[in-house]
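Written below as structure tokens is the structure these notes are about.
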There are 2 protein chains.
Amino acid sequence: MSRSTQQPRARRLPRDVRERQILDAAVQVFSQHGFHAASMDEVADVAGVSKPMVYTYLGSKEDLFSECIRREAKRLIDAVTEGVSTDDELAPDMLLWLGLRSFFRYVGSNRDSWTVLHRQALSVGGTFADEISEMRTRSIELVASVVVSTGTKQGIGEQAEKSGAGLAAALVGAAESLADWWIDHPDVEEGTLASWLMNLVWLGFGDLVQGAVWRPR
Amino acid sequence: MSRSTQQPRARRLPRDVRERQILDAAVQVFSQHGFHAASMDEVADVAGVSKPMVYTYLGSKEDLFSECIRREAKRLIDAVTEGVSTDDELAPDMLLWLGLRSFFRYVGSNRDSWTVLHRQALSVGGTFADEISEMRTRSIELVASVVVSTGTKQGIGEQAEKSGAGLAAALVGAAESLADWWIDHPDVEEGTLASWLMNLVWLGFGDLVQGAVWRPR
DNA sequence: GCGTAAACTTACTGGCAAGTAGATTCTGCC
DNA sequence: GGCAGAATCTACTTGCCAGTAAGTTTACGC
């Protein structure tokens with residue numbers, strides 16, 4: 001039961017540092033077990049802290065999870081935002097390309113974060129589902145705006161607006177799914193993943209924009 | 001006395017009928033709360049039966065969940081299989097088209113089933129995750145075989161094989177994600193969803209097959 | 001009719017995990 | 001040095017829920 005043997009009794013740390021450690025531990029534990037199966041004892045243990053600390057600093061289990069979601073969502077969004085920000089104005093396809101690369105890069109080096117956001121948060125329902133689906137909706141709208149603006153610029157406005165949101169949802173889902181697939185096939189670079197999607201999606205868009213349509217025979 | 005009293009009290013029913021009722025209830029409850037948050041009491045309650053029945057017929061909570069997954073996965077696969085089976089040999093794009101339509105049709109009229117399979121099963125981990133990811137892998141491989149065979153027939157074999165699995169994963173994910181999006185935008189017909197995806201994906205494939213490539217500038 | 005097995009119930013146990021009370025250090029500051 | 005208060009712990013209480021023991025009722029074959 002004695003924890004780490006040779007530490008001179010973990011020093012006292014200022015609150016914000018401990019909070020960060022606890023949140024890190026929580027993300028890891030939640031990503032491994034999911035919200036319900038995760039225990040506060042384990043979170044405290046992984047954080048190297050006793051349970052009352054967790055409650056004192058982060059509140060209830062729901063509060064803690066909520067805070068994880070919020071922090072990780074912000075990190076992801078910041079990573080992507082930072083990845084697409086440049087001085088020049090970007091063509092829409094380059095925008096998408098940079099966004100996808102940033103996304104995959106983030107997922108690649110923050111698996112736990114991604115797992116919590118993508119798999120665990122959705123399955124809990126209630127408050128969290130709202131927060132997550134809001135983030136998701138924002139991503140989709142962002143992508144949709146690229147799609148729609150490209151479409152309208154080319155003069156197929158009505159159709160683009162109608163299907164834009166749906167296509168964007170599909171694209172976001174494709175990226176998410178590819179990220180999951182990546183976990184089982186790590187011997188691929190993130191640029192490759194992004195370029196697969198670009199090839200699939202942008203070439204398809206290109207045809208649509210030029211008026212090509214697939215229809216069943 | 002004799003059976004003159006007609007209580008609305010559920011009559012005694014043969015085992016297989018009850019088992020079906022219990023499984024139906026379980027799918028509903030699991031889809032609403034997820035594995036851990038769902039209680040066996042509620043399952044029994046929704047099924048209109050007492051708890052020991054559930055244990056007698058279906059075993060432990062894990063067994064029950066497992067059986068739900070198995071049954072619903074089979075129903076989904078059967079629905080899609082049935083949707084693409086015809087007498088004639090189908091062109092690959094028509095195969096994909098029919099498959100997508102069947103998939104969306106199933107999801108549309110079996111929301112609970114889809115939720116359990118897609119959202120809940122993944123988040124539990126362990127045995128279930130294996131079963132689910134096996135089903136998923138099979139779907140992806142199926143799609144991949146269509147993609148790859150189309151590619152090789154057109155003479156870009158090497159590249160098609162390399163990216164085929166990834167593209168298939170992306171496509172499957174796009175379909176799943178579009179299915180989720182549909183839940184929030186139900187005023188779209190399932191054929192429309194399928195045709196959006198076909199337009200996106202098949203036109204993109206078409207270009208790839210003809211050697212077109214998008215690359216960053 | 002009547003006995004037997006299958007269908008079904010009530011009412012419990014046991015354990016795990018969320019959340020807390022209250023005592024106990026340490027640390028910065030005068 | 002000593003004290004105020006923040007940081008931290010041990011050791012509980014509480015409630016829920018998976019799983020079960022043991023009994024009761026009904027269908028149905030003969």
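Residue numbering restarts at 1 for every chain, and letters A, B, ... go by the order of the sequence lines.
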Expressed in angstrom and rounded to an integer, what is the separation of [X] atom [atom1] from [N] atom [atom2]?
{"X": "B:Leu58", "N": "D:dG19", "atom1": "CG", "atom2": "P", "value": "12 Å"}
{"X": "B:Tyr57", "N": "C:dA7", "atom1": "OH", "atom2": "C1'", "value": "5 Å"}
{"X": "A:Met53", "N": "D:dC9", "atom1": "CE", "atom2": "P", "value": "7 Å"}
{"X": "B:Phe65", "N": "D:dA18", "atom1": "CZ", "atom2": "C1'", "value": "16 Å"}
{"X": "B:Glu19", "N": "C:dA6", "atom1": "CD", "atom2": "P", "value": "14 Å"}
{"X": "A:Ile22", "N": "D:dT8", "atom1": "CD1", "atom2": "P", "value": "8 Å"}

Less than 3.5 Å apart, which donor and acceptor atoms pair up between the side chains of residues 40-53 of chain B and the rest of the protein, not counting sequence neighbours?
| residue | atom | partner | partner atom | Å |
| --- | --- | --- | --- | --- |
| B:Glu42 | OE1 | B:His33 | NE2 | 3.2 |
| B:Glu42 | OE2 | B:His33 | NE2 | 3.3 |

With sequence neighbours excluded, residues passing ring-ring contact (aromatic ring centres under 6.0 Å, His included) with B:Tyr55: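 Counting only residues at least two positions away or on another chain, B:Tyr55 forms no ring-ring contact (aromatic ring centres under 6.0 Å, His included).
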
With sequence neighbours left out, what residues match B:Trp182 under ring-ring contact (aromatic ring centres under 6.0 Å, His included)?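 Not a single residue meets the ring-ring contact (aromatic ring centres under 6.0 Å, His included) criterion with B:Trp182.
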
Contacts of type side-chain hydrogen bond (donor to acceptor under 3.5 Å, both in side chains), residue B:Thr56, not counting sequence neighbours: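 With sequence neighbours excluded, B:Thr56 shows a side-chain hydrogen bond (donor to acceptor under 3.5 Å, both in side chains) to no residue whatsoever.
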
Not counting sequence neighbours, which residues clear side-chain hydrogen bond (donor to acceptor under 3.5 Å, both in side chains) with A:Arg15? List them please.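 A:Arg15 satisfies side-chain hydrogen bond (donor to acceptor under 3.5 Å, both in side chains) with A:Glu19 only.
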
How about A:Phe104 and A:Trp114: are their ring centroids closer than 6.0 Å?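 Centroid distance A:Phe104-A:Trp114: not below 6.0 Å, so no.
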
Could you list, one pair per line, each protein nitrogen or oxygen that sits under 3.5 Å from a nitrogen or oxygen of nucleotides 22-26 of chain D, together with the distance?
| residue | atom | partner | partner atom | Å |
| --- | --- | --- | --- | --- |
| D:dT25 | O2 | B:Arg12 | NH1 | 2.6 |
| D:dT25 | O2 | B:Arg12 | NH2 | 3.0 |

Within residues 65-84 of chain B or reaching into it, pairs that qualify as ring-ring contact (aromatic ring centres under 6.0 Å, His included) - sequence neighbours excluded: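 For residues 65-84 of chain B: B:Phe30-B:Phe65, B:Phe35-B:Phe65, B:Phe65-B:Phe128.
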
Derivation and outcome, salt bridge (charged side-chain N to carboxylate O under 4.0 Å, His left out), residues A:Asp24 and A:Arg71: CA-CA 10 Å; A:Asp24 290 342; A:Arg71 193 186 71 163; 2.8 Å; yes

Sequence neighbours excluded, which residues qualify as salt bridge (charged side-chain N to carboxylate O under 4.0 Å, His left out) partners of B:Arg75?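 Salt bridge (charged side-chain N to carboxylate O under 4.0 Å, His left out) list for B:Arg75, sorted by chain: B:Glu72.
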
Report the residues that fulfil salt bridge (charged side-chain N to carboxylate O under 4.0 Å, His left out) with A:Asp93, sequence neighbours left out, ordered by chain and then residue number.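 By the salt bridge (charged side-chain N to carboxylate O under 4.0 Å, His left out) rule, A:Asp93 matches B:Arg217.
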
Need the bend value for the helix from C:dG1-D:dC30 to C:dC30-D:dG1: angle between end axes, 5 pairs each end, nearest 10°.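 Its terminal axes enclose an angle near 10°.
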
If a pair satisfies salt bridge (Lys or Arg N to Asp or Glu O under 4.0 Å) and one of its residues is in residues 96-110 of chain A, list it, with sequence neighbours excluded.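 Output for this query lists A:Arg101-A:Glu190, A:Arg105-A:Glu190.
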
Within less than 4.0 Å of OP1 or OP2 of C:dC8, is there a side-chain N or O belonging to B:Arg18?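 Indeed, a polar side-chain atom of B:Arg18 lies that close.
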
Can you tabulate the close N/O pairs, meaning under 3.5 Å, that link protein atoms to atoms of nucleotides 17-19 of chain C?
| residue | atom | partner | partner atom | Å |
| --- | --- | --- | --- | --- |
| C:dA18 | OP1 | A:Ala38 | O | 3.1 |
| C:dA18 | OP1 | A:Lys61 | NZ | 3.0 |
| C:dA18 | OP2 | A:Met40 | N | 2.8 |
| C:dA18 | N7 | A:Lys51 | NZ | 3.3 |
| C:dG19 | OP2 | A:Tyr55 | OH | 3.3 |
| C:dG19 | OP2 | A:Lys61 | N | 3.0 |
| C:dG19 | N7 | A:Lys51 | NZ | 2.9 |
| C:dG19 | O6 | A:Lys51 | NZ | 2.8 |

